[in-house]
A.B. asks: 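Take this structure, written in structure tokens, and hold onto it; I'll ask about it next.
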Amino acid sequence: MKVTVSVIKADIGSIGGHIQPSRQLLDTVASYVHDQGQKLLIDSYISYTGDDIAILMTHTHGTGFEAIHKLCWDAFMKGTQVARQQGLYGAGQDLLKDAFSGNVRGMGPAVAEFEFDERPDEPFLFFAADKTDPGCYNLPLYMAFVDPMNTPGLMLSPGMSNGFRFIIMDVNHTEGDRIIELNAPEDLYAIATLLRDTERYVVESIWSRSTGDQAAAVSTSRLHNIAGKYTGKDDPVMLVRVQKNFPATGELLAPFAIGPYVAGCMRGSHQMPLMPVTLQSGISYFDGPPVVSCAAFSMHNGKLTEAVDTFAHPFWDTVRVNVSNKAIDMRRQGFFGAAMLPMSELEYTGIMEKLKSLDERFQIRT
Ligand code: 13P
Ligand code: 13P
Ligand code: MG
Ligand code: MG
């Protein structure tokens, strides 16, 4: 059976700053999707990571289907009313357009979706990150899909031995999708060259070269490209099919033990380590640290099992301690050097006005 998995997420308001949504807000979104999605959806799962609410859906309508996107847009609009009534911070933050126009892409919410022939056993992972941007997945995806040091399956599993095709997007190009296709392993150095620049080049999807099946789908929106100014970080979602011809679940999770430094955290303007957290985790230290959650599912005819919380395992407690220490260490240097993002990323924030007014006060000494 051909099944589509779609996840659409947005920040539509949260309690106490950019921390986490209210129970009433979540319930509003969940019951709207449940009631209005009855004919459209096979199954759905609503969750939050930091201040972002994600609607995960299974259905048979393919990717980019208008009614599915509209369902989520309307659910977020409904939620925004509640956020306003409750006085939540940043009510409707990610809804950047006034009226729905066919597809939530380019309107603020993040979207990742793929369609595939369901396998007899169909395990997949749903990642959601807050206080960072889509480039945060570049390193884990590189390690999981091209590096036998991380993924022994590239050597051991016949279904993976032909490698994977990466579609990488230049997210600075705003006049349309500027993409490149590169094949691992032969384009390894080219893939690494692009993926090191996480603010510009982002993995959009990954495909098996043995079967042609899609393995991964990542949301690639840059909110400042839509709004023209800083309106919050892009807080990306990602779907990854695992096992058999794809990396094993453990091979996908392992890279997150690094807690790599990523863009984001306070005012979206810093470099801070990415912390793997349990499902339904909020935000704290320095509007961060950037967090990532991962729900594992199996499905049959599009019907989902319950979510398993992959980062709840005791192993990740040590990782969280390491990431906390990295975060505290980095914060000791405040605004200095590598702690903040380069000017190219800050140009969407208020710092430009400050620099402009200072520029007029500069004098050339004679
Ligand atoms: P199973 O033999 O349990 O399927 O495990 C294989 C595997 O992929 C472990 O990483
Ligand atoms: P969000 O993008 O998660 O709303 O965070 C915005 C921010 O500036 C936090 O400091
Ligand atoms: Mg927010
Ligand atoms: Mg957020």
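Keep in mind it's a predicted model, so treat the numbers as computed, not measured. This chain uses plain numbering: 1 for the first residue, then up along the sequence. Heavy-atom basis, side chains included; hydrogens, waters and symmetry copies ignored. In listed order, ligands and their atoms are each counted from 1.
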A.B. asks: Which protein N, O or S atoms lie under 2.8 Å from the Mg ion (ligand 4)?
C.D. replies: D51 OD1, D52 OD2, D130 OD1, D235 OD2
A.B. asks: For F124, is the NZ or CZ atom of R241 found under 6.0 angstrom from the centre of its six-membered ring and inside 45 degrees of the ring axis?
C.D. replies: no
A.B. asks: Hey, is K356 close enough to E353 for a salt bridge, meaning N to O under 4.0 Å?
C.D. replies: no
A.B. asks: Do you know which of D235, D11, D287, D51 makes salt bridge (charged side-chain N to carboxylate O under 4.0 Å, His left out) with K131?
C.D. replies: D51
A.B. asks: On the six-membered ring of Y261, is K326 placed so that its NZ or CZ lies under 6.0 angstrom from the centre and within 45° of the ring axis?
C.D. replies: yes
A.B. asks: How about N183 and F166: do any of their side-chain heavy atoms sit closer than 4.5 Å?
C.D. replies: no
A.B. asks: Can you run down the ring pair (Phe, Tyr, Trp, His ring centres under 6.0 Å) pairs that involve residues 336-366, sequence neighbours left out, and say none if there aren't any?
C.D. replies: H224-Y348
A.B. asks: Could you tell me how the ring of F164 sits relative to the ring of F145: parallel (under 30°), tilted (30 to 60°) or perpendicular (over 60°)?
C.D. replies: perpendicular
A.B. asks: Would you mind listing every side chain to side chain donor-acceptor pair (under 3.5 Å) that reaches into residues 268-282, with sequence neighbours excluded?
C.D. replies: T278-S281
A.B. asks: Between ligand 2 and the protein, tabulate every N or O atom pair separated by less than 3.5 Å, reporting distance only.
C.D. replies:
residue: ligand 2; atom: 2 (O); partner: K233; partner atom: N; Å: 2.6
residue: ligand 2; atom: 2 (O); partner: D235; partner atom: OD2; Å: 3.3
residue: ligand 2; atom: 3 (O); partner: D51; partner atom: OD1; Å: 3.0
residue: ligand 2; atom: 3 (O); partner: D51; partner atom: OD2; Å: 3.1
residue: ligand 2; atom: 3 (O); partner: D130; partner atom: OD1; Å: 3.1
residue: ligand 2; atom: 3 (O); partner: K131; partner atom: NZ; Å: 2.6
residue: ligand 2; atom: 3 (O); partner: D235; partner atom: OD2; Å: 3.0
residue: ligand 2; atom: 4 (O); partner: D11; partner atom: OD2; Å: 2.9
residue: ligand 2; atom: 4 (O); partner: H18; partner atom: ND1; Å: 2.9
residue: ligand 2; atom: 4 (O); partner: D51; partner atom: OD2; Å: 3.0
residue: ligand 2; atom: 4 (O); partner: Q93; partner atom: OE1; Å: 3.2
residue: ligand 2; atom: 4 (O); partner: Q93; partner atom: NE2; Å: 2.8
residue: ligand 2; atom: 8 (O); partner: Y230; partner atom: OH; Å: 2.7
residue: ligand 2; atom: 10 (O); partner: R267; partner atom: N; Å: 2.8
residue: ligand 2; atom: 10 (O); partner: D287; partner atom: OD2; Å: 2.5

A.B. asks: Locate the shortest heavy-atom distance separating P247 from A144; write the atom from each residue and the value.
C.D. replies: CG-O, 3.5 Å
